[in-house]
S.K.: 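Sharing a structure, written as structure tokens. Questions coming.
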2 protein chains.
Amino acid sequence: MESPPSPFQTPQQRSSARQAKRDAVLRAAVQMFNERGFHQTSLDDVAARLGVSKPTIYHYLGNKDQVLFECVTIGLSQLLEAAEASRQRPGQGIDRLIAFLTRYAEINMDDFGRCVVRTSDEALSPESRQQFHALKRQIDSAMRQLIRDGIEDGSIAPVDPKMLAFALAGALNWPARWHNPQGAETPATIAADLVHVLAGGFRPR
Amino acid sequence: MESPPSPFQTPQQRSSARQAKRDAVLRAAVQMFNERGFHQTSLDDVAARLGVSKPTIYHYLGNKDQVLFECVTIGLSQLLEAAEASRQRPGQGIDRLIAFLTRYAEINMDDFGRCVVRTSDEALSPESRQQFHALKRQIDSAMRQLIRDGIEDGSIAPVDPKMLAFALAGALNWPARWHNPQGAETPATIAADLVHVLAGGFRPR
DNA sequence: AAGACAATCTACTCACCAGTAGAAAATAGA
DNA sequence: TCTATTTTCTACTGGTGAGTAGATTGTCTT
């Protein structure tokens with residue numbers, strides 16, 4: 001049995017409602033940025049999609065730069081989380097790397113991950129850009145560490161970790177540009193297929 | 001001995017001077033687009049770098065969309081040329097693919113190639129976008145053909161050509177985002193290294 | 001010499017859009 | 001009930017930048 005819902009909200013409810021609205025703004029914004037591009041999307045457009053007016057957005061977020069910055073930060077947090085999860089995983093280096101790469105690719109086909117890939121530094125303010133870079137560097141270094149671990153335990157071929165990380169990141173970022181969310185192939189199968197060809201290379205064995 | 005240069009120009013000289021100026025506009029524009037981004041670069045900025053005024057640019061090119069479109073078209077032509085050259089190369093499929101990929105990566109670290117990668121469709125007008133897509137599709141299909149040839153002659157591992165092409169393109173486009181032209185590593189060595197890790201994969205042999 | 005054409009300039013217009021002022025309505029707390 | 005706070009609106013400002021009008025100067029062609 002539920003208790004009859006009161007129309008009066010507790011402070012917790014109010015604050016989480018506020019949070020939900022903020023999130024809705026970011027979600028609408030990121031989808032529109034991905035569809036038409038950041039510069040082709042005005043905050044009036046975002047507001048219209050949500051059925052509110054532009055000042056409402058400014059009530060929840062400081063300015064357009066902050067909207068974009070929060071979007072990419074969400075995406076980057078998801079990637080960092082994935083890196084952390086793989087680091088703690090048991091198993092050989094290559095298995096942990098593969099798990100990470102697969103998740104990495106999947107995130108990059110999702111709203112916020114796509115936005116990370118599609119956002120070039122110049123779109124952000126100098127301050128946001130700096131933090132954007134710092135977060136991306138963290139992810140790059142996590143990927144390199146996983147690679148080094150695998151080379152050490154012999155489960156990954158002895159290649160230059162830096163070059164491998166660039167190659168992998170590039171290949172797995174790319175779907176953010178071409179993958180159609182409405183398409184038939186699911187992100188999970190695309191991710192698995194891409195990781196598979198990258199692991200094996202194209203030289204026959 | 002040179003003949004004393006006449007201050008009067010032949011029609012050929014005049015028309016090639018015009019072409020040279022047009023090219024100079026595109027070269028200046030593409031470099032600024034790559035440095036600060038298309039939307040952060042006004043045609044006034046480009047004109048200023050060339051020491052002329054904005055209407056001078058409009059004398060050589062129709063509008064800003066056309067400036068960008070010509071830039072990406074130059075880059076895409078270079079890529080198509082590389083594809084054509086590899087197609088006609090003798091040797092096994094894998095060697096021809098590797099030659100193409102290496103050149104592909106190098107072009108993507110050059111002015112116009114970088115612009116191709118960094119330009120997202122939304123920045124172009126619908127008409128230009130359509131041609132942009134058509135050219136990119138040509139390059140993609142050339143790459144897939146090289147892959148299929150190699151699989152057929154047994155020099156390339158039997159993988160899904162589509163997925164492999166996506167993975168390779170992504171990995172070799174990525175330097176357009178991170179490579180610093182002023183940096184120590186040359187495009188040629190980066191290209192070779194990337195192709196090497198992609199050919200071998202990261203699973204040990 | 002006269003008219004056409006090429007190259008370039010200064011000085012505009014016009015649309016768009018980020019961001020703000022200030023009011024109105026609702027809600028909360030005293 | 002009265003005041004403070006939150007949420008939201010309409011209506012504005014101000015800057016930027018694409019693109020144009022029209023003049024100027026020089027250079028061919030006839």
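This is a predicted model, so every value here is computed, not measured. Residue numbers start from 1 in every chain, and the chains themselves are labelled A, B, ... in the order their sequence lines are given, proteins ahead of strands.
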S.K.: Scan for ring-ring contact (aromatic ring centres under 6.0 Å, His included) pairs involving residues 17-51 of chain A, sequence neighbours excluded, and state none if there are none.
M.R.: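 The answer is A/F33-A/F38, A/H39-B/H39.
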S.K.: To the nearest angstrom, how far is A/Q19 atom CD from D/dT7 atom C1'?
M.R.: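 So the CD-C1' distance, A/Q19 to D/dT7, works out to 16 Å.
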S.K.: Establish, yes or no, whether a centroid distance under 6.0 Å links the rings of B/W178 and A/F166.
M.R.: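 Yes, ring centres under 6.0 Å apart.
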S.K.: Base, sugar-phosphate, or nothing for B/T56, non-hydrogen atoms under 4.0 angstrom?
M.R.: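 Sugar-phosphate contact only.
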S.K.: D/dT20 C1' sits how many Å from B/I57 CD1, rounded?
M.R.: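 One finds 15 Å between C1' of D/dT20 and CD1 of B/I57, rounded.
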S.K.: Return the polar atom pairs (N/O with N/O) between nucleotides 16-21 of chain C and the protein under 3.5 Å, or none.
M.R.:
from	atom 1	to	atom 2	distance (Å)
C/dA18	OP1	A/K64	NZ	3.1
C/dA18	OP2	A/L43	N	3.0
C/dA18	N7	A/K54	NZ	2.9
C/dG19	OP2	A/Y58	OH	3.1
C/dG19	OP2	A/K64	N	2.8
C/dG19	N7	A/K54	NZ	2.8
C/dG19	O6	A/K54	NZ	3.0

S.K.: At under 4.0 Å, does any side-chain N or O of B/H59 touch on OP1 or OP2 of C/dA7?
M.R.: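 For B/H59, the contact criterion (side-chain N or O under 4.0 Å from OP1 or OP2 of C/dA7) is met.
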S.K.: If you look only at pairs with a residue in residues 112-143 of chain B, which of them pass as a ring-ring contact (aromatic ring centres under 6.0 Å, His included), with sequence neighbours excluded?
M.R.: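 Checked against ring-ring contact (aromatic ring centres under 6.0 Å, His included) - neighbours excluded - no pair reaches residues 112-143 of chain B.
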S.K.: Nearest whole Å is fine: how far is D/dG19 P from B/Y60 OH?
M.R.: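 Whole-Å distance recorded here is 19 Å.
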S.K.: With sequence neighbours excluded, give me every ring-ring contact (aromatic ring centres under 6.0 Å, His included) pair touching residues 62-100 of chain A.
M.R.: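 Sorted pair list: A/F100-A/Y104.
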S.K.: Whether B/R18 contacts C/dA7 is assessed here as follows: a side-chain N or O lying under 4.0 Å from the phosphate OP1 or OP2. Is that the case?
M.R.: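 Yes, B/R18 has a side-chain N/O under 4.0 Å of OP1/OP2 on C/dA7.
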S.K.: Show me the pairs that pass salt bridge (charged side-chain N to carboxylate O under 4.0 Å, His left out) and involve residues 52-66 of chain A, at least two apart or across chains.
M.R.: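 Checked against salt bridge (charged side-chain N to carboxylate O under 4.0 Å, His left out) - neighbours excluded - the pairs reaching residues 52-66 of chain A are A/D44-A/K54.
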S.K.: With A/E70, which residues qualify under side-chain contact (heavy atoms from CB on, under 4.5 Å), at least two apart?
M.R.: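 side-chain contact (heavy atoms from CB on, under 4.5 Å) list for A/E70, sorted by chain: A/R22, A/L26, A/L61, A/Q66.
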